[in-house]
Amino acid sequence: MCYNNDVLENFVLKRFITSLRQPKQLVQYLNDSRGVVFLYMMVLSLIVFLPSLLIYQLQGVITNNQYSVLYEDVENEMFLKDNVLENGIFILNDPVDFTHEVFRVSNQTILSYHIQITLLENGMSMHFSNQEIAFLSYDDAITVDFNDSSIQNVSLFTRYLENFIETSPMISFIYIFSIFLSNIFDYLLVTLFLTLLMSFSLYKSQMPFKQKFKIGLYLSSIYLIFNMITFLFNIQFLQFFSLLITYFYYVSFYKPLKRGTKRGQV
């Protein structure tokens, strides 16, 4: 199905503006087709995803803020353990297993939905969906004693791990695509959760669940916008605030229906 600019404006922009400014008026879109709702979901998800793509182009997979978190993860999970990297050999006496964003770093090959970075004796192997996409042999010139948690030691291995991630040929596409899918999954999960919550609340409606879920995708638009702001400005407390605001948008929509407001027609 092909949509021109006028259709995009009618089916996406109008619903987006209504969802943010007048959630009560979304009642007029109760009979939207699945195709219209799917188009709205995908276009909105893509728009919210664009800042992530821009930041990736400017800073790479590991941004400055993410590097600080990666440094802390490496320090907390890998150091003060009886392990050593020396002469191109990683001697692992203590297990390593932690996650950072979409990556999971471990000394064992573990079936996971994360991008797996396995610390082997002679190098680091990167797997996605059980397929190896990159491998790096350890540099003979690098020595890291993981019993020593000095800034120099932690920084040395963190940069080494960061460079492996940044220079892996397939990682860019997989990383970007996984973030996009993650945003959609989060969007659907929040919509499902709040739709079910309203179904058992004081403002529950008799309308079919599929209509509630379709309207929920419109009502959850504010959640995606707040998440985009959270990502751009790294304001973590907004994640909880965004869920709270979205809940009040749902209440704003369902409250008039509880009072007997007539459903609109499309």
Side-chain angles (χ1 to χ4, degrees), residues 12-27 29-30 32 34 36-56 63 65-66 68-69 72-73 99-103 113-114 175-205 207-259 261:
V12 178
L13 185 58
K14 286 183 179 180
R15 285 157 175 76
F16 177 67
I17 293 174
T18 303
S19 70
L20 297 185
R21 298 178 61 183
Q22 298 175 304
K24 297 178 184 178
Q25 299 303 316
L26 287 172
V27 69
Y29 301 125
L30 275 175
D32 277 359
R34 292 178 182 177
V36 171
V37 178
F38 180 77
L39 173 67
Y40 179 87
M41 179 183 74
M42 295 305 294
V43 171
L44 183 60
S45 297
L46 181 61
I47 291 172
V48 172
F49 168 71
L50 289 178
S52 302
L53 185 59
L54 177 62
I55 290 176
Y56 166 75
T63 65
N65 288 331
Q66 289 171 335
S68 299
V69 177
E72 292 179 4
D73 288 340
T99 58
H100 171 78
E101 300 288 335
V102 298
F103 301 97
Y113 65 87
H114 291 89
Y175 180 75
I176 290 299
F177 187 63
S178 65
I179 290 179
F180 181 65
L181 286 182
S182 169
N183 287 341
I184 293 178
F185 179 78
D186 194 31
Y187 182 22
L188 292 172
L189 189 63
V190 166
T191 300
L192 178 62
F193 170 72
L194 289 177
T195 300
L196 289 173
L197 183 64
M198 297 309 298
S199 296
F200 296 98
S201 73
L202 294 174
Y203 307 109
K204 61 183 178 181
S205 167
M207 75 174 71
F209 181 80
K210 68 177 183 178
Q211 282 190 320
K212 294 179 183 178
F213 189 75
K214 286 192 298 184
I215 286 298
L217 290 171
Y218 295 145
L219 290 168
S220 297
S221 302
I222 187 68
Y223 177 79
L224 285 186
I225 299 304
F226 267 95
N227 273 7
M228 181 175 66
I229 295 172
T230 299
F231 180 82
L232 282 173
F233 300 102
N234 197 33
I235 309 175
Q236 297 301 322
F237 79 88
L238 281 181
Q239 288 183 331
F240 171 76
F241 188 66
S242 65
L243 190 59
L244 187 62
I245 290 294
T246 307
Y247 169 75
F248 283 118
Y249 268 60
Y250 275 72
V251 171
S252 177
F253 173 80
Y254 281 100
K255 195 172 183 179
L257 296 182
K258 179 65 175 177
R259 292 173 179 171
T261 300

Would Phe226 and Leu243 count as a side-chain contact (heavy atoms from CB on, under 4.5 Å) here? Give the steps. CA-CA 9 Å; Phe226 267 95; Leu243 190 59; over 6 Å; no
So does Phe248 have more than 12 non-hydrogen atoms from other groups sitting under 6.0 Å from CZ? no
Minimum heavy-atom separation for [X] to [Y], with atom names?
X	Y	answer
Thr246	Ser242	OG1-O, 2.6 Å
Leu196	Phe209	CD2-CE1, 3.8 Å
Gln211	Leu30	NE2-O, 3.4 Å

Do Val251 and Met198 pass the side-chain contact (heavy atoms from CB on, under 4.5 Å) test, and can you show the C-alpha distance, the side-chain angles, and the key distance before you say yes or no? CA-CA 8 Å; Val251 171; Met198 297 309 298; 4.1 Å; yes
Gap separating the [atom1] atom of [X] from the [atom2] atom of [Y], nearest 0.5 angstrom:
X	Y	atom1	atom2	result
Lys212	Leu219	NZ	CG	12.5 Å
Leu224	Phe16	CG	CZ	9.0 Å
Ile184	Ser45	CD1	OG	4.5 Å
Leu188	Ser220	CG	OG	9.0 Å
Phe180	Ser52	CZ	OG	11.0 Å
Ile225	Ser19	CD1	OG	8.0 Å

Closer than 3.5 angstrom, by distance alone: can the side chain of Thr18 be matched with the main-chain N or O of Arg15 as a donor-acceptor pair? no
So do [Y] and [X] actually touch side chain to side chain, heavy atoms under 4.5 Å?
X	Y	result
Phe38	Leu217	no
Leu197	Tyr247	yes
Val12	Leu44	no
Phe185	Leu181	no

Would you say the side-chain atoms of Asp32 and Tyr218 include a donor-acceptor pair closer than 3.5 Å? yes
Can Asn227 and Tyr187 be counted as having a side-chain donor-acceptor contact under 3.5 angstrom? no
Please determine whether side-chain contact (heavy atoms from CB on, under 4.5 Å) holds for the pair Ser221 and Tyr40, giving the CA-CA distance in whole Å, both sets of side-chain angles, and the decisive distance to 0.1 Å. CA-CA 10 Å; Ser221 302; Tyr40 179 87; 2.5 Å; yes
Taking the inter-plane angle between the rings of Tyr250 and Tyr254 on a 0 to 90° scale, is it parallel (under 30°), tilted (30 to 60°) or perpendicular (over 60°)? parallel
Here's a test for you: under side-chain contact (heavy atoms from CB on, under 4.5 Å), which of Val190, Leu194, Thr191 qualifies with Tyr223? Val190
Go through it in stages, so that I can follow the logic: the residues are Asp73 and Val69, the test is side-chain contact (heavy atoms from CB on, under 4.5 Å), and I'd like the CA-CA distance, side-chain angles, deciding distance and then a yes or no. CA-CA 6 Å; Asp73 288 340; Val69 177; 3.8 Å; yes
